[in-house]
Student: 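I'd like to ask you about the structure that follows.
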Amino acid sequence: MTGKPRLASIIEALPSTVPFVGPEAQERQLGFNFKARIGANENVFGPSPKAIRAMQNAVPDVWQYGDPENYDLKNALAAHHGIAPENIMVGEGIDGLLGYVARMMIEPGSAVITSKGAYPTFNYHVAASGGNLLTVPYRQDREDLESLIAMARSENSKLIYFANPDNPMGTWWSADELNSVISTLPDDVLLCLDEAYIELAPENTAPPVDTDRPNVLRFRTFSKAYGMAGGRVGYVMGEAQMIKNFDKIRNHFGMCRVSQVGALAALQDQDYLAQVISQVNQSRNRIKDIAEKNNLSAIDSAANFVAIDCGRDGDFAMSLLSELTSQGIFIRMPGVAPQNRCIRVSVCTEEDLDLFEEALPVALEKLRRNSA
Ligand SMILES: *Cc1c(COP(=O)(O)O)cnc(C)c1O
């Protein structure tokens, strides 16, 4: 053979990496299974039993494609949010929908603005479109929307990514704070507001959805509070014309019909959601207690995880993470300074937290001895 198929030049230049090494891949490398899977912000409490039943009942029909218009789910979501179905697009998780936004908005060389150390999956999509990713540091462990907008102006960018609550820190802005900053957003700059954890945040964190505003898209998911990460169901809300643009490029048959049915049933069981929210609250409090008992401080979180400030640098937090890994505890940590002084622990069962509570002082003691 002479030669080989040539990739598009933008893709050719990219590394083949993953934003997060999955716990299964880590287990294969380590040669043992984790005792506590508390690193991926999955919702260990799982979906509503009604959603599970609905999905079980839907399994025999899996020979059928899912409804490409997601009609039932979209209409239920519209009623839930008090907006029209035209203001909603359902897709393969927020991750999938962010990929569509990148394809819709970015040309090679386009400046795209995000926070330094923010949720990284968006950045992958930006790279694949040839966008030029520019970052703004966090301010006091919060993403800094004012500075993101200022940079969009100064760099002539038309696309901003911002998560509220934030991952990996769990910090958040109130709806009032957000609204006043969003009012300064230039008309031609699109703000992608990732609200993956919004159901778990205090009331008055989410501004009302303004469907007259083409320059804000709101991203939601069934992966976190609704406990269906493996089902891959997300949705985006916004002005009708902006939403319709997704039809130009989306994978119309990308949704699994079992997941469509499950998400609908999960949405309809708000009592169960309320129960999960209270379990998440309890678990967050206990993670905070465990941190404090070990002379570490927990950062207040509006999400289903807690960032624990280890009080030292990124190397120290990384060593702590490795020690916990070797004890069978799967957690993650922020990737860049100064947030990488923290480890990030997902909310979980009491049994998981018992294991964490046992492992943490052992790991800290080991590090102390190693550095003595
Ligand atoms: C977990 C997470 C996502 C992923 O959502 P999916 O709907 O599962 O793709 C997106 N954004 C943030 C900030 C997250 O933490």
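In this text, all values refer to a predicted model and were calculated from it rather than measured experimentally. When a ligand or atom number is given, it counts from 1 through the structure's own listing order.
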Student: Just checking, is any N or O donor in the side chain of Lys248 or Asn245 under 3.5 Å from an acceptor N or O on the other one?
Tutor: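 There is such a pair between these side chains.
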Student: Would you call Glu86 and Lys74 a salt bridge, using N to O less than 4.0 angstrom?
Tutor: no
Student: What closest approach, in Å, do Ile88 and Met237 show between heavy atoms, and which atom pair accounts for it?
Tutor: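 Looking at all heavy atoms of both residues, the closest pair is CG1-CG, 4.1 Å.
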Student: Counting non-hydrogen protein atoms only, what is the nearest one to atom 15 (O) of ligand 1? Give residue, atom name and distance.
Tutor: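 Here the closest protein heavy atom is Tyr197 OH, 2.6 Å.
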Student: Side chains of Ile287 and Ser301: does their closest heavy-atom pair fall under 4.5 Å?
Tutor: no
Student: Would you please determine whether Asn41 falls within less than 4.0 Å of ligand 1 on a heavy-atom basis?
Tutor: no
Student: What residue and heavy atom of the protein are closest to atom 1 (C) of ligand 1, and at what distance?
Tutor: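 Of the protein heavy atoms, Lys224 NZ, 1.3 Å lies nearest.
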Student: Closer than 4.0 angstrom, basic N to acidic O: yes or no for Glu24 and Arg28?
Tutor: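 No, this pair does not count.
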Student: Could you tell me if His81 and Tyr235 have a donor-acceptor pair between their side chains, going purely by distance under 3.5 Å?
Tutor: yes
Student: Do Arg142 and Trp172 form a cation-pi contact, if we require the NZ or CZ to be under 6.0 Å from the six-membered ring centre and within 45 degrees of the ring's axis?
Tutor: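 Because its charged atom misses either the 6.0 Å distance or the 45° angle limit, Arg142 does not stack over Trp172.
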Student: Taking the six-membered ring of Tyr100 as reference, does the cationic atom of Arg250 (NZ for Lys, CZ for Arg) lie under 6.0 Å from its centre and within 45° of its axis?
Tutor: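 No, Arg250 does not sit over the ring of Tyr100.
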Student: Any N/O of Gly234 closer than 3.5 Å to an N/O of ligand 1?
Tutor: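 Between Gly234 and ligand 1 (N or O atoms, distance only) the closest approach is not under 3.5 Å.
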Student: Mark up the atoms of ligand 1 that fall under 4.0 Å of a heavy atom belonging to Ser223, in ascending order.
Tutor: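 Listed by number with element, the hits are 6 (P), 7 (O), 8 (O).
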Student: Look at atom 13 (C) of ligand 1 and find which of Asp194, Asp95, Asn164 reaches it with the closest heavy atom.
Tutor: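 Among Asp194, Asp95, Asn164, the closest heavy atom to atom 13 (C) of ligand 1 belongs to Asp194.
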Student: Can you pull out the closest protein heavy atom to atom 5 (O) of ligand 1? Residue, atom name and distance to 0.1 Å, please.
Tutor: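 Closest protein heavy atom to atom 5 (O) of ligand 1: Ile94 CB, 3.7 Å.
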Student: Considering only heavy atoms of Asn167, which atoms of ligand 1 have at least one such atom less than 4.0 Å away?
Tutor: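 Contacts of ligand 1 toward Asn167, numbered from 1: 13 (C), 14 (C), 15 (O).
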Student: Looking at ligand 1, does any of its N/O atoms fall within less than 3.5 Å of an N/O of Glu92?
Tutor: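 No - when backbone and side-chain N and O of Glu92 are compared with those of ligand 1, no distance drops under 3.5 Å.
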Student: Where does Tyr161 meet ligand 1, judged by heavy-atom distances below 4.0 Å: at the side chain, the backbone, both, or neither?
Tutor: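 The answer is the side chain of Tyr161.
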Student: Give the residue and atom name of whichever protein heavy atom lies nearest to atom 9 (O) of ligand 1, and the separation in Å to one decimal.
Tutor: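 Ranked first by proximity to atom 9 (O) of ligand 1 is Arg232 NH2, 2.7 Å.
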Student: Provide the number and element of each atom of ligand 1 under 4.0 Å from a heavy atom of Gly93.
Tutor: 6 (P), 7 (O), 9 (O)
